[in-house]
Asks: 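The structure under discussion is supplied below as structure tokens; questions concerning it will follow.
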Amino acid sequence: MISNKELANLIFPNVKTTLEDLEKKYPNRTLPERAEVTRFAPSPTGFLHTGSLFTSMICHKLANQTNGVFYIRLEDTDSKREIEGSGEKLLNELKEFNIVPTEGYLGTHEIGDYGPYVQSKRADIYKVAIKHLISIGRAYPCFCSVEELDEIRKVQETNKMLPGYYGKFAKCRYLSNEEREAKIRNGDPFVIRFLSNGNHNNKIKAHDLIHGDISIAENDQDIVIYKSDGLPTYHFAHICDDHFMRTTTVIRGEEWISSLPIHIQLFDAMGWAAPRYAHVPVIMKIDENGNKRKLSKRKDPEAACSFFIDDGYPSEALSMYLMTIANSNFEEWIFANKFKDMNDFKFSFEKVSLDGALFDLVKLQFFAREILARKTKEEMLVLAEKYAKNHDKALESLISHDRNYFMDIINIERDSENPRKDYSHFGELVGAIGFFYHDIYKKELDISLFNPLIEKKVIANVLSECRKLDIDKPQNEWFDQMKQIAIKNGFAESNKVYKANKEAFIGHVGDVAEMLRIALTGRKNSPNLYFVMKVLGGLESTKRIDCVISLLK
RNA sequence: GGUCCCAUGGUCAAGAGGUUUAAGACGAGACCCUCUCAAGGUCUAAUCCCGGGUUCGAUUCCCGGUGGGAUCACCA
């Protein structure tokens, strides 16, 4: 007769550490009373997902506002899907959004007394816990092959039964320890399964910080907790790590609600108190067929945070936008605080919406414009340069051509109560301000833009007079000069005058301004002409005017 | 399909049985301002999924339906 303990020793002969040892090694944290210990636990399988940024933002905020701890744990138990270097990349991306952990895996190194913070380096810890579970009879080795498992599933499907490894389908559950020993000694491959004592027809009550009380069917699946590669599955790693790292609140996506019964059962079997849980809504998107679905890593570019960074959106814009989804009262708060700094906002679980929001790029752009409009020209230079260096060679060469000139351009109508809100991201900058640069202006210039109802001769005359416009004069005097040019060439000095007696005029001063605008900028829309001319300078302005006059002839 | 979650305008949402002719924001439209654009100002349109119950009264509470989503791996 082989005891469970002997079986455990047979499977893990080298594991001498006990749970008590681990409890001592990772003691309860000494923190202020209501301090929250939260974590972001990404798996290194690619880029930072927008949904992950969303949850990590909440984790980070909650820990900060309670003087707690926010740490990062790398969940790399799936070696097949791991992408080399993505763990470090993830950390860098988080940093872009001002999420800097004080503990845990930091990309190149780790900080903290509760490590290692990379799951693949915690194999020994999991083994201790699993060995314990085997020795108390709550886990057992399973020798079923993939084929056998498929077979079981097929039978269940055809009989319309619940799929999975449970009850009478959990064949290896009924093996005697002698049979187990024989198979192990024979070298048969195996995994370790948790022995569930649950009944699918029982409902368990669980509390969620966002959803409140929820009732779910008890878990009756003998889930795999230890894979044949020697690493635990997510479920087991989660309970082990969050216990020994002393997490107080687990914040994760709503897609995890359905595995909550497993986790509760696992905590219970280990004799550990479960942390609090908060399941945040998933961010959705409407697909080509008009269906709502979770933002997809593969199909949706906006599922990657890098998408916004690559386009040059200010990172605060995404953070703010996501916070409006997280807490419905945030928007009001940030308006009242003039978009300054969201760090002082108090996040609360009560204000988290229960259903997933559709990702709204237009609203994100609104935030981005507000944020960029509030930057000084110097800040804009820094941001633009940083962006250009990594993502936009064309912009980089424009800026480096003359940094002060760039600041002058970007500063047009910026220094005011109500600054311009032209840009939501730096990716659109070259298209928006390119005309200030001679080469691009030349390329874009198109004289067919001129009003065909006005004779070319008249246009040329007007433009020729515009050479004399004095940009050293104040704006109102400058505009008076323009009115004089208008009058002299048969245009009304204002739209009002023109409307009163249309026959008497070719057009009005607005038409004159349009001619000058086209000549100067090569387009029909631009910021205030006076400022455009000021930035271009007298020399470049007359050069452009002359160029257009000669083209008109 | 089973299980769970969710349901107010196009989107994000306030709302906690009666002072709601249902906030606010983004977006849309209109007008004003105006050298165009952006900004700014003023205004407008647009929502309680359906059916039962409870109640004097239901957007609000309960039940059922419908709809949407999530999840059912040796992936996390």
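Each chain gets a letter, A, B and so on, in the order the sequences are listed, and its residues count up from 1. Note that the structure is a prediction, hence the values are computed from the model and not measured.
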Asks: Would you please name every residue forming a side chain to side chain donor-acceptor pair (under 3.5 Å) with A:Glu82, sequence neighbours left out?
Replies: none
Asks: Which string of ( ) [ ] | and . matches RNA chain B, if you list each base 5' to 3' and count Watson-Crick or G-U pairs only when both distances are under 3.5 Å?
Replies: ((((((((.[[[..)..(.....]]].(((((.......)))))....[[[[[..)....]]]]])))))))....
Asks: Quick check for you: among B:A76, B:G40, B:C5, whose closest atom lies nearest to any side-chain atom of A:Ile214?
Replies: B:C5
Asks: What salt bridge (charged side-chain N to carboxylate O under 4.0 Å, His left out) pairs are there with at least one residue in residues 478-497 of chain A, not counting sequence neighbours?
Replies: A:Glu465-A:Lys488
Asks: Under the rule for side chain to side chain donor-acceptor pair (under 3.5 Å), what residues qualify as partners of A:Lys61, not counting sequence neighbours?
Replies: none
Asks: Taking only N/O atoms, report every protein-nucleotides 33-35 of chain B pair under 3.5 Å with atom names and distance.
Replies:
residue: B:C35; atom: O2; partner: A:Arg517; partner atom: NH2; Å: 3.0
residue: B:C35; atom: N4; partner: A:Gln475; partner atom: OE1; Å: 3.2
residue: B:C35; atom: N4; partner: A:Asn528; partner atom: OD1; Å: 2.7
residue: B:C35; atom: N4; partner: A:Asn528; partner atom: ND2; Å: 3.0

Asks: Write down the distance separating the P atoms in B:G53 and B:U59, rounded off to the nearest Å.
Replies: 14 Å
Asks: Report the nucleotide, chosen from B:A76, B:C74, B:C37, that has the shortest atom-to-atom distance to any side-chain atom of A:His235.
Replies: B:A76
Asks: Below 3.5 Å, does any donor atom in the side chain of A:Ser526 face an acceptor in the base of B:C37, or the other way round?
Replies: no
Asks: Is the distance from OP1 or OP2 of B:G68 to the nearest side-chain N or O of A:Arg293 less than 4.0 Å?
Replies: no
Asks: Can you give one letter per nucleotide of nucleotides 25-31 of chain B, 5' to 3': B if a protein heavy atom sits under 4.0 Å from the base, S if only from the sugar-phosphate, - if neither?
Replies: BSS----
Asks: Just distance, no hydrogens or angles: give the donor-acceptor pairs under 3.5 Å from side chains in residues 329-336 of chain A, sequence neighbours left out.
Replies:
residue: A:Glu331; atom: OE1; partner: A:Lys363; partner atom: NZ; Å: 3.0
residue: A:Glu331; atom: OE2; partner: A:Lys363; partner atom: NZ; Å: 2.9

Asks: With sequence neighbours left out, what residues match A:Arg369 under side chain to side chain donor-acceptor pair (under 3.5 Å)?
Replies: none
Asks: Salt bridge or not between A:Arg517 and A:Asp511? Use side-chain N to carboxylate O under 4.0 Å.
Replies: no
Asks: Do you know which two heavy atoms are closest between A:Pro281 and A:Ser353, and how far apart they sit?
Replies: CG-O, 3.4 Å
Asks: Output all residues satisfying salt bridge (charged side-chain N to carboxylate O under 4.0 Å, His left out) with A:Lys89, sequence neighbours left out; order by chain, then residue number.
Replies: none
Asks: Check this for me: does any side-chain nitrogen of one of A:Asp446 and A:Arg523 sit under 4.0 Å from a carboxylate oxygen of the other?
Replies: no
Asks: Specify the closest pair of heavy atoms between A:Lys205 and A:Ser215, including all atoms of both residues, with the distance to one decimal.
Replies: NZ-CB, 3.9 Å
Asks: Ion pair present between A:Glu316 and A:Lys375, side-chain N to carboxylate O less than 4.0 angstrom?
Replies: yes
Asks: Counting side-chain heavy atoms from CB outward, which of B:A76, B:A13, B:G2 is closest to A:Leu162?
Replies: B:G2
Asks: Taking only heavy atoms on the protein side, list every residue of residues 251-263 of chain A lying under 4.0 Å from any atom of RNA chain B, sorted numerically.
Replies: A:Glu254, A:Glu255, A:Trp256, A:Ile257, A:Ser258
Asks: Between B:A14 and B:U71, how far is it from one P atom to the other, in whole Å?
Replies: 25 Å
Asks: Below 3.5 Å, can you tabulate the donor-acceptor pairs from side chains in residues 46-57 of chain A to any protein atom, sequence neighbours excluded?
Replies:
residue: A:Thr50; atom: OG1; partner: A:Glu302; partner atom: O; Å: 2.6
residue: A:Thr50; atom: OG1; partner: A:Ala303; partner atom: O; Å: 3.1
residue: A:Thr55; atom: OG1; partner: A:Gly51; partner atom: O; Å: 3.3
residue: A:Thr55; atom: OG1; partner: A:Ser52; partner atom: O; Å: 3.1
residue: A:Ser56; atom: OG; partner: A:Ser52; partner atom: O; Å: 2.9
residue: A:Ser56; atom: OG; partner: A:Leu53; partner atom: O; Å: 3.0

Asks: Just jot down the side chain to side chain donor-acceptor pair (under 3.5 Å) partners of A:Gln475, sequence neighbours excluded, or say none.
Replies: A:Asn528
